[in-house]
Amino acid sequence: MSTTSQCRICDGTVTEFIDFGRQPLSDAFVVPGDEKKEFFFRLATGICESCTMVQLMEEVPRDLMFHEAYPYHSSGSAVMRTHFHELAKRFLTTELTGEDPFIVELGCNDGIMLKAIAEAGVRQLGVEPSGGVADLAAAKGIRVRKDFFEEATAADIRKNDGPADVIYAANTLCHIPYMDSILKGVTTLLGPNGVFVFEDPYLGDIVERTSFDQIYDEHFFFFTARSVQEMARRNGLELVDVERIPVHGGEVRYTLALAGARKPTEAVAELLAWEAERKLSEFATLERFAANVKKVKEDLIALLTKLRAEGKRVVGYGATAKSATVTNFCGITPDLVEFISDTTPAKQGKLSPGQHIPVREYREFADDHPDYALLFAWNHADEIMNAEQAFRDAGGQWIRYVPNVHVS
């Protein structure tokens, strides 16, 4: 009998298609000695039979994930810095050209996008519940409200600042199960011709590439053009544009407007047709994805076990949030992967969530190259491999598991 839950968008029936088992909080790196204090939950994903929204079967309390010590910084990657600067320039020449325009960013993180907006003299506000990164944004001269965005927050912002020309969110909306309150907040705050622009991991890319590690506690929803169109329609909004973007392993930037305010672009119809052709919202497609994930798990463990038997050193590269899904689902322990190299000081000296692989500073990788590096930060592969020529020159090889397990 299939496991089901109630859809957070339309109250329909969500039927499970993959179960990753017992998982920890993906960004809760463990202080040695505190291993017994970890929070675990069942990570499983299903699709709504009514609105086709793919979502987690169980919700993790938001204050456990997004808090003062939240360790992810948007500006940590050169690729992402360029991405956000280019987007800011686009907003400044398209949507923010009227008299005294106003932009609000949900989950502004360390302020990398809004900094360029602020420097152009445009009114801006970041809404960020994770206090540590909010302070970094404020230090860049950005107005920040330390809060979760919902209907009451939006009403308060509109009262103080007036309507928004742009509401923007990057890798934020998919984190939030209480979508009805978010979208009510958007319609409350948005000006009559304003736009709500958000970008998040795209289910089409996850399924095509078997990039199953995009599924972890912080990612509650996995959007498609079809499910976003339906979600918008139910909340007085309309999907008016889509754009596929290459960051974070494949995302879509969606543009919503108040219903009837703007004419949808051709790109919307084209992506809807692409999804229909691939039967992306059909349960059988997602069952095939689950079978492909199982094959990657089996192949990865077989390879790591073989390398251990041969006496080879394997080190993880990038203590990413998504690596928690891989290490815990596949059962990758410190006897298979010696340590994970990471440049984030807040993670160094700690243990990876669940499997407790030591996280060490980058120089331990650079000073004594292993035989193999397991690339957890595969979405930054080009940037990383260009920077790691010395590892390659020393005879090092990369292990990758997206779209399948291969050594290069």
Side-chain angles (χ1 to χ4, degrees), residues 27 66-149 153-154 156-158 160-176 182 185-186 189-191 194-200 218 243 245-248 251 253-255 320-321 343-346 377 379-380 383:
D27 260 325
F66 308 111
H67 46 72
E68 201 70 29
Y70 185 62
Y72 177 74
H73 294 172
S74 298
S75 58
S77 155
V79 168
M80 294 312 298
R81 287 195 297 274
T82 301
H83 172 78
F84 289 124
H85 287 151
E86 291 299 320
L87 180 64
K89 282 198 287 191
R90 187 196 294 193
F91 282 149
L92 289 167
T93 56
T94 55
E95 303 294 342
L96 299 173
T97 57
E99 189 181 336
D100 191 24
F102 178 45
I103 179 170
V104 175
E105 182 175 3
L106 316 184
C108 69
N109 197 265
D110 60 8
I112 184 64
M113 197 282 289
L114 286 182
K115 182 172 183 281
I117 302 284
E119 286 169 353
V122 169
R123 281 193 306 134
Q124 32 63 41
L125 177 68
V127 182
E128 174 55 70
S130 301
V133 289
D135 291 340
L136 293 175
K140 292 183 172 87
I142 293 155
R143 287 178 59 216
V144 183
R145 178 173 176 144
K146 289 187 189 179
D147 208 346
F148 287 98
F149 181 86
T153 326
D156 197 44
I157 294 169
R158 181 157 186 152
N160 294 321
D161 292 281
D165 298 282
V166 177
I167 302 173
Y168 173 67
N171 306 298
T172 297
L173 207 67
C174 71
H175 292 188
I176 305 170
I182 294 284
V186 167
L189 182 54
L190 213 53
V195 287
F196 176 35
V197 180
F198 63 96
E199 54 195 66
D200 283 292
E218 293 176 15
E243 179 185 356
I245 51 179
V247 299
H248 288 309
E251 299 199 336
R253 180 178 292 147
Y254 304 90
T255 301
T320 58
T343 56
T344 310
N379 49 308
H380 298 299
E383 191 178 347

Handout entry: Close side-chain approach of Leu114 to Ile103, heavy-atom, < 4.5 Å
Key = yes
query = How far apart are the C-alpha atoms of Ile245 and Glu251, what are their side-chain angles, what is the distance that settles it, and do they pass the side chain to side chain contact (heavy atoms under 4.5 Å, CB included) test?
reply = CA-CA 5 Å; Ile245 51 179; Glu251 299 199 336; 3.8 Å; yes
In plain terms, say whether Lys146 and Asp135 are close enough for a salt bridge, that is, a side-chain N and a carboxylate O under 4.0 Å apart. yes
In terms of heavy-atom contacts, Ala116 and Ala88 come closest through CB-CB, 3.6 Å
On a heavy-atom basis, the closest approach of Phe102 and Pro163 is CD2-O, 3.6 Å
Interatomic distance, CD@Glu119 vs CD1@Ile142, rounded to 0.5 Å, equals 8.5 Å
**Q.** Sub-4.5 Å side-chain heavy-atom contact between Phe149 and Leu189
**A.** yes
Value for CD (Glu95) from CG (Asp165), rounded to nearest 0.5 Å, stands at 8.0 Å
Distance col, row Glu105:CD vs Phe198:CZ, nearest 0.5 angstrom, shows 14.0 Å
dist Gln124:CD -> Lys115:NZ (nearest 0.5 Å) comes out at 12.0 Å
Minimal heavy-atom distance between Cys108 and Ala137, with the atoms involved, is SG-CB, 4.2 Å
Residues at least two apart in sequence or cross-chain that pass side chain to side chain contact (heavy atoms under 4.5 Å, CB included) with Asp147, listed by chain then number, are Val127, Arg145, Thr153
Run the salt-bridge test on Glu86 and Arg90 with the 4.0 Å N-O cut-off and return the result as yes or no. no
Rounded to the nearest 0.5 Å, the CD atom of Glu128 sits from the CG atom of Leu106 at a distance of 10.0 Å
For this session: List the steps and the verdict of side chain to side chain contact (heavy atoms under 4.5 Å, CB included) for His85 and Ile112.
Result: CA-CA 8 Å; His85 287 151; Ile112 184 64; 3.9 Å; yes
For Leu190, is there any backbone N or O sitting under 3.5 Å from a side-chain donor or acceptor partner on Arg158? yes
**Study point:** Test side chain to side chain contact (heavy atoms under 4.5 Å, CB included) applied to Glu218 and Asn171, step by step
**Key:** CA-CA 10 Å; Glu218 293 176 15; Asn171 306 298; over 6 Å; no
Is the closest side-chain heavy-atom distance between Leu87 and Tyr168 below 4.5 Å? yes
Verdict with supporting geometry, Phe84 and Val247, side chain to side chain contact (heavy atoms under 4.5 Å, CB included): CA-CA 11 Å; Phe84 289 124; Val247 299; over 6 Å; no
Between the OG1 atom in Thr255 and the CD atom in Glu243, the distance rounded to the nearest 0.5 Å is 8.0 Å
- Starting from the C-alpha separation in whole Å, work towards a yes-or-no answer on side chain to side chain donor-acceptor pair (under 3.5 Å) for Glu199 and His83. CA-CA 12 Å; Glu199 54 195 66; His83 172 78; 2.5 Å; yes
Cys174 and Asp200 have their tightest heavy-atom pair at SG-OD1, 3.1 Å
